[in-house]
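Counting starts at 1 for both ligands and their atoms, in listed order. The analysis underlying the following values was restricted to heavy atoms, covering all of them including side chains, and did not include hydrogens, waters or symmetry mates.
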Amino acid sequence: MRIARFNKGRIGLVEGEEIVDITDPAGVDVEAWPPTGMVSLLGRMGAMPERISLLGENAPRLLLSDVRLDCPIDWPNKVIAYPANYQAHIEEQKVSDVGLISEFAANSQGFFLKSNSSLSGPADPIMLPPVPHREIHHECEMAVIIGKRGRGISRDRAMEYVFGYSCLVDVVIRGREERVMRKSYDSFCPLGPWIVTPEGLDPFNLNLKLTVNGEVRQQANTRDMILDIPAMIEMASAVMTLYPGDVIASGTPAGVGPITDGDRLVSEVEGLGCLDLAVRKHDVGMHVVWTKPAA
Ligand code: MN
């Protein structure tokens with residue numbers, strides 16, 4: 001099952017070239033604030049995705065090409081992110097002087113949070129703040145979407161808490177400032193184009209690829225993660241209660257690099273679809289904190 005948000009908060013099931021509008025049978029109010037329609041649906045049915053698919057019976061169908069896809073999760077409780085989760089990326093950051101990426105891998109370093117408001121959708125451009133002399137980098141990642149509330153989740157039970165998977169780009173200003181600030185600009189966490197539930201997927205063996213203007217920058221397979229999905233869930237839930245709709249960015253492989261105004265970034269994970277994103281400069285976002293040298 002592929003589940004999306006579209007046209008400002010409606011919920012749909014993507015089937016081929018169509019999207020089945022389940023907003024009404026799902027009991028989602030698109031006018032509600034905060035916009036937690038998907039999160040509340042996952043809270044009610046995330047542990048039983050077959051019930052969500054039943055909502056599509058007799059629901060209206062639209063052409064996918066006629067709708068605007070939104071970020072599939074708006075207002076999650078949190079966006080958890082793992083750094084340095086592929087060995088080859090750790091090696092490249094050791095020899096790089098542009099960022100404070102610890103030489104410690106995710107299995108000994110733990111995770112961080114990105115602001116929820118950095119999430120953006122498959123139709124939204126990445127907006128680059130006008131920070132001088134700084135590189136803004138892409139990180140191609142697979143996202144894990146939590147479907148069931150839990151704390152202290154053991155490795156052997158962890159997969160029961162997964163609702164599905166999506167493509168995610170973790171965008172970051174390289175430098176030594178606090179990581180949360182460098183990674184939390186609006187539009188610095190594109191997610192989508194939809195969430196794919198696990199049936200028929202092997203999330204431990206999916207190819208990832210990210211191109212910029214057609215040039216391959218990152219190419220890897222999720223089998224090369226240092227912390228696998230159960231290990232990430234075990235670690236995060238040791239600290240925090242995981243809630244339905246929580247997003248886990250699972251870390252990036254080697255090949256991170258700069259993006260600039262006018263670029264076209266395409267990030268795909270096998271079986272999950274692809275994010276095809278414009279990159280634009282923005283006139284908002286400069287702050288004096290960025291005026292000192294990056295390294
Ligand atoms: Mn990352």
Side-chain angles (χ1 to χ4, degrees), residues 71 73 76 78-96 98-120 126 128-129 134-146 165-192 203 206-212 217-229 231-233 235-236 246-259 265-269 272 274-275 277 279 294:
C71 181
I73 296 274
K78 52 194 162 299
V79 177
I80 299 161
Y82 281 86
N85 203 17
Y86 291 79
Q87 193 61 40
H89 175 59
I90 295 169
E91 296 302 322
E92 76 178 354
Q93 291 299 73
K94 272 184 188 169
V95 298
S96 159
V98 293
L100 176 68
I101 296 288
S102 169
E103 65 186 86
F104 298 109
N107 53 356
S108 60
Q109 190 190 355
F111 57 85
F112 62 95
L113 298 176
K114 280 174 82 86
S115 69
N116 297 350
S117 51
S118 65
L119 284 166
S120 58
I126 297 171
L128 304 177
R134 292 302 182 101
E135 291 191 352
I136 301 178
H137 280 195
H138 56 74
E139 297 184 351
C140 171
E141 310 198 6
M142 181 178 74
V144 179
I145 311 297
I146 296 297
Y165 305 93
S166 194
C167 305
L168 183 147
V169 184
D170 180 12
V171 183
V172 56
I173 299 175
R174 293 292 176 209
R176 293 181 179 276
E177 296 77 12
E178 291 287 351
R179 179 150 50 189
V180 169
M181 182 170 182
R182 293 186 291 107
K183 288 187 175 252
S184 285
Y185 273 87
D186 286 2
S187 81
F188 270 25
C189 197
L191 181 72
L206 297 177
N207 291 310
L208 298 82
K209 186 168 87 170
L210 184 146
T211 66
V212 176
R217 294 271 187 90
Q218 297 188 269
Q219 201 159 19
N221 187 288
T222 56
R223 79 171 85 88
D224 298 323
M225 287 179 179
I226 296 166
L227 279 180
D228 63 8
I229 297 161
M232 288 189 280
I233 290 172
M235 182 187 282
D246 280 359
V247 177
I248 300 177
S250 57
T252 197
V256 301
I259 46 176
L265 181 153
V266 179
S267 188
E268 60 182 302
V269 181
L272 306 184
C274 111
L275 292 168
L277 303 167
V279 179

Check ion pair Glu135-Arg182 (N to O, under 4.0 angstrom): no

Between Ser115 and Ser184 (side chain of the first, backbone of the second, donor and acceptor by atom type, cut-off under 3.5 Å), is there such a pair? yes

Going by ring pair (Phe, Tyr, Trp, His ring centres under 6.0 Å), name the residues that satisfy it together with Phe188, two or more places apart in sequence or in a different chain. Tyr185

Distance below 2.8 Å from the Mn ion (ligand 1): protein N/O/S atoms: Glu139 OE1, Glu141 OE2, Asp170 OD2

Contacts of Tyr86 meeting ring pair (Phe, Tyr, Trp, His ring centres under 6.0 Å) (sequence neighbours excluded), chain-then-number -> none

Result for side chain to side chain donor-acceptor pair (under 3.5 Å) between Gln218 and one of Glu141, Lys209, His138 points to His138

Going by the rule side chain to side chain donor-acceptor pair (under 3.5 Å), which residues pair with Asp246 if we only count those two or more places apart in sequence or in a different chain? Lys78

